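A quick write-up on the structure given underneath.
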Amino acid sequence: MKAFRIAKSAGFCAGVARSVAMAERALQRYGRVYCLGELVHNRDEVARLAALGMIQVDRAEEIPPGAAVLLRAHGEGREVYEHLRARQAVIVDTTCKKVERIHKIAAEEREKGRSVIIFGDPEHPEVRGILGWSGPAAVVKSPAELEKYLSDPQKISENGVSIVFQSTQTQNNFKFSEKIAKKWCTNGELFDTICLATQIRQAEASDLAETCDAVVVIGGRHSANSRHLADICAEKCGAVFFIENAMSLDTSVLVAYDTIGITAGASVPPRIMKEVIQKMSDELKEKVDAGTPAAETAPADEAEKSFAELLEDSIKTIYNGDVVKGIVAAITPTEVTVDLGTKHSGYIPVEEFEDDNGTRIEDLIHVGDTVEASVVRVNDVEGTVMLSKRRLDAVKNWDDIEAACENETIVEGVVTEENKGGIVVKVKGLRVFVPASQSGLPRDAEMSQLLKQKVQLYITEVNKARKRIVGSIRLVAAKARRENIARIWDEIEIGKRYHGTVKSLTSYGAFVDIGGVDGMVHVSELSWKRITKPADVVSVGDEIEVYVINFDKETRKISLGYKDPNANPWEQFMSQYKVGDVASVRVVKLMTFGAFAEIVPGVDGLIHISQIANRRIGKPDEVLAVDDVVDVKITAIDEEKRKVSLSIRALSEPAPAPARSFARDEEDEPEERPVVAESDALVYEVSETGETKGIAPEVEE
């Protein structure tokens, strides 16, 4: 069974198609047109144009003054333009845009004083044209020649060397040259001036050679790009047939192959490709049918249909308003060149790709990317098409915005400006007006604080006829708040921690927003230290970490804690001191019955008036003052009631005398005096905030 595979990029490239189209229009306008050299490397196409009145000449001197002159896609040197202008010739310049870029690079590098090397065929008209702009330059046609040239330092300028490539060269030659330049040059620069269409055509040819039993390459042997295609196919396939047209094809040699690939050089017109395909389809079908069961024959119209579709794509007419797809061929500071696969070259202004974040064009699109755009203007004379990506995106984005409004979905955009009554948000390239009441900010807040911020919003109104879109940021925030409130109440549990914001302060505590739900932190839960008001610890707007002490889902009340349970001062005190220890304390308060002293931050003890001195005193301030630091002995600790008794007197009294083993006389007995019981010294209870819980009344005098 015979199967044909046709390369998508076979035949005329955009540059050649443009050149032929401009030649046809020039012939219609002027009747007789001179062509400086062979317009395309295809004798059949040249003969067709000659029949229409095109006259081929080899030198500019052969052109009569005032005549119309075609400059082919290969381009010409600077002196040719000057000569033709001197003879007042009508110049129809069909030079390929990609070749013009090589001319510009070569001229600029020469002006910098750098050595220019052209990698290509020295006899090819494109290379001769480049030499007309670069001035004296070396021409090499293989990596070996390049290495030989670079290895001689006397041939290289002190300012460095610049290497450009004939547009039809292979990527393999470019890669080899890159390695050689790195080896021999410290100041070398390579410019990848190989046409993207050529690269794609060569990649497709390589793929055909790998997957097909045989490959037919259509093109003239004097065409560089056609020869390169044949060479590439020969590297991977042992049966490559290089033909110029249908007449030069011997189909008998193809009978032995089941899968046949077909490609063509950039100078091959569609009609010649069609003639070759038609001949292969007809003759191979007859020969296969003669010696092969009918069930094994391939439907010849499949290849013909595939080819017809490809042919139609290559010569189709483009109109304003059409939507087209193409491959990015080049990127300059001002425009992006798109290969549309037709006789036209497409151009998109760089600003069409800019986004609101100021991203560089190099990060947004790359050579080889596929891009879709709308046709703005077609210039058949120049063979160019002005495209707009933004216009096509706007059409698509309107549909997306309408769908977002209808389905109540959230969209994202960047605030670009503030105007009367609200702000403008750029969403998918479209302006969305958000009224101040829907911005999510307080009534008197400045709208400018939202500028350049990325926001989420609902689309609430779309009027395509008036190009009006209205949105709301507040509705998104309200929905998020409702969802967060529901989630909090579903997941809340005692001990769970939240990151909250202090919303307001009262005399008894602070209210904290933990994500749409307010909880209260009582003043006693704000700090282990003694404080007089919540403002001593937190302020409105503070972001703090809190934990749930208690909650009631029915009344929607939450009690929160702020002080760290692990920092409980009583626990710290108990781990540090025991009864009988001596501690250095600071007097914090004087009462009629004694003095309170801070042992550790958050824990106070009582020095009863009877324990302040080893003599009788009337008031504690006779001996002590607030902020005095004194040494005391811990005489008692009540863990249950968290009471601590302290004594200064215990440190000044002598140690008790040992018990006597003999009888004492009555006169030896000391005179009786009132004694305060040890239990009576525990006269107060210290709360977690350091406040006194109560005073034993029997201790007071």
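Just so it is clear, the model here is predicted, and its values are computed rather than measured.
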Check the side chains of Asn225 and Ser223 for a donor-acceptor pair under 3.5 angstrom, ignoring hydrogens and angles.
yes
N/O donor-acceptor pair under 3.5 Å between Thr94 side chain and Leu71 backbone:
yes
Counting distance only, does the side-chain N/O of Lys279 pair as donor-acceptor with the main-chain N or O of Leu249 below 3.5 Å?
yes
Short side-chain donor-acceptor distance under 3.5 Å, Gln202 and Thr170:
no
One pair to check against salt bridge (charged side-chain N to carboxylate O under 4.0 Å, His left out): Lys112 and Glu109. What are the steps and the verdict?
CA-CA 5 Å; Lys112 294 177 183 177; Glu109 295 305 299; 3.1 Å; yes
What pair of heavy atoms forms the shortest contact from Val161 to Cys185, and how long is it?
CG1-SG, 3.5 Å
Considering all heavy atoms of both residues, which atom of Ala181 and which atom of Leu190 are nearest to each other, and what is their separation?
CB-CD1, 3.4 Å
Is any side-chain heavy atom of Glu24 less than 4.5 Å from a side-chain heavy atom of Met54?
no
How long is the gap from CD1 on Ile243 to CD1 on Ile262, to the nearest 0.5 Å?
8.5 Å
Is there a donor-acceptor pair under 3.5 Å between the side chain of Arg201 and the backbone N or O of Thr263?
no
Quick check: are there more than 12 heavy atoms from other residues, nucleotides or ligands sitting under 6.0 Å from CZ of Phe176?
no
Would you sort out whether Leu84 and Glu76 count as a side chain to side chain contact (heavy atoms under 4.5 Å, CB included), showing the intermediate values?
CA-CA 11 Å; Leu84 293 175; Glu76 297 292 344; over 6 Å; no
NZ-CD1 distance between Lys389 and Ile365, expressed to the nearest 0.5 angstrom:
7.5 Å
Side-chain donor/acceptor of Arg87 to backbone N/O of Ile63, under 3.5 Å:
yes
Min side-chain heavy-atom separation Val20-Arg48 under 4.5 Å:
yes
Quiz question: by atom type and distance under 3.5 Å, do the side chains of Ser374 and Arg391 form a donor-acceptor pair?
no
If we only count heavy atoms from C-beta on, is the Val427 to Glu412 side-chain gap below 4.5 Å?
no
How many angstroms lie between CG in Leu387 and OG1 in Thr337, if you round to the nearest 0.5 Å?
10.0 Å
Are Thr193 and Ser167 side-chain neighbours, meaning at least one heavy-atom pair lies under 4.5 Å?
no
Start with the C-alpha gap between Gln169 and Gln166, add the side-chain angles, then the distance that decides, and say whether side chain to side chain contact (heavy atoms under 4.5 Å, CB included) holds.
CA-CA 6 Å; Gln169 276 297 318; Gln166 184 179 334; 4.0 Å; yes
Assess whether atom CZ of Arg29 is packed by more than 12 heavy atoms of other residues, nucleotides or ligands within 6.0 Å.
no
When you compare the side chains of Lys236 and Ser206, does any donor N or O come within less than 3.5 Å of an acceptor on the partner?
yes
Exam field: side chain Asp369 to backbone Val328, donor-acceptor pair closer than 3.5 Å:
no
Stepwise side chain to side chain contact (heavy atoms under 4.5 Å, CB included) check, Val336 with Tyr347:
CA-CA 6 Å; Val336 174; Tyr347 298 92; over 6 Å; no
Short side-chain to backbone donor-acceptor contact, Asp213 and Thr259, under 3.5 Å:
yes
Do Leu150 and Ile180 have side-chain heavy atoms sitting under 4.5 Å apart?
yes
Would you say CD of Glu61 has more than 12 non-hydrogen atoms from neighbouring residues, nucleotides or ligands within 6.0 angstrom?
yes
Does a side-chain heavy-atom distance below 4.5 Å link Pro143 with Asn173?
yes
So, for Val350 and Glu335, which heavy atoms are closest and what is the spacing to 0.1 Å?
CG2-N, 3.3 Å
Looking only at heavy atoms, which two atoms of Lys325 and Leu340 are closest? And how far apart?
O-CD2, 3.8 Å
Any heavy-atom pair between the side chains of Tyr149 and Ile117 that's under 4.5 Å?
yes
Do the ring planes of His124 and His41 sit parallel (below 30°), tilted (30 to 60°) or perpendicular (above 60°)?
perpendicular
Spatial distance of atom CD1 (Ile272) from atom CD1 (Ile218) [nearest 0.5 Å]:
8.5 Å
Phe174 and Phe165: CA distance, side-chain angles, deciding distance, ring pair (Phe, Tyr, Trp, His ring centres under 6.0 Å) verdict:
CA-CA 8 Å; Phe174 179 82; Phe165 291 78; 5.1 Å; yes
Can His74 and Glu38 be counted as having a side-chain donor-acceptor contact under 3.5 angstrom?
no
Which value, rounded to the nearest 0.5 Å, describes the distance between Ile102 atom CD1 and Ile194 atom CD1?
9.0 Å
Could you pull out the closest heavy-atom pair between Ile348 and Ala373, with the gap in Å?
CD1-CB, 4.0 Å
Taking the side chain as everything from C-beta on, heavy atoms only, tell me whether Val164 gets closer than 4.5 Å to Phe119.
no
Could you tell me whether the side chain of Asn42 and the main chain of Glu45 form a donor-acceptor pair under 3.5 Å?
yes
Does a side chain donor of either Asp93 or Thr95 reach within less than 3.5 Å of an acceptor in the other side chain?
yes
Start with the C-alpha gap between Glu372 and Val323, add the side-chain angles, then the distance that decides, and say whether side chain to side chain contact (heavy atoms under 4.5 Å, CB included) holds.
CA-CA 7 Å; Glu372 189 175 20; Val323 175; 3.3 Å; yes
Quick one: do the Arg5 and Thr211 side chains pair a donor with an acceptor below 3.5 Å?
yes
Evaluate the criterion side chain to side chain donor-acceptor pair (under 3.5 Å) for residue pair Thr409 and Asn407; output intermediate values, then yes/no.
CA-CA 6 Å; Thr409 55; Asn407 300 327; 5.6 Å; no
Atom pair OG (Ser134) and CZ (Arg110), whose distance is rounded to the nearest 0.5 Å:
6.5 Å
Minimum-distance pair of heavy atoms, taken over all atoms of Asn245 and Val276
C-CG2, 3.9 Å
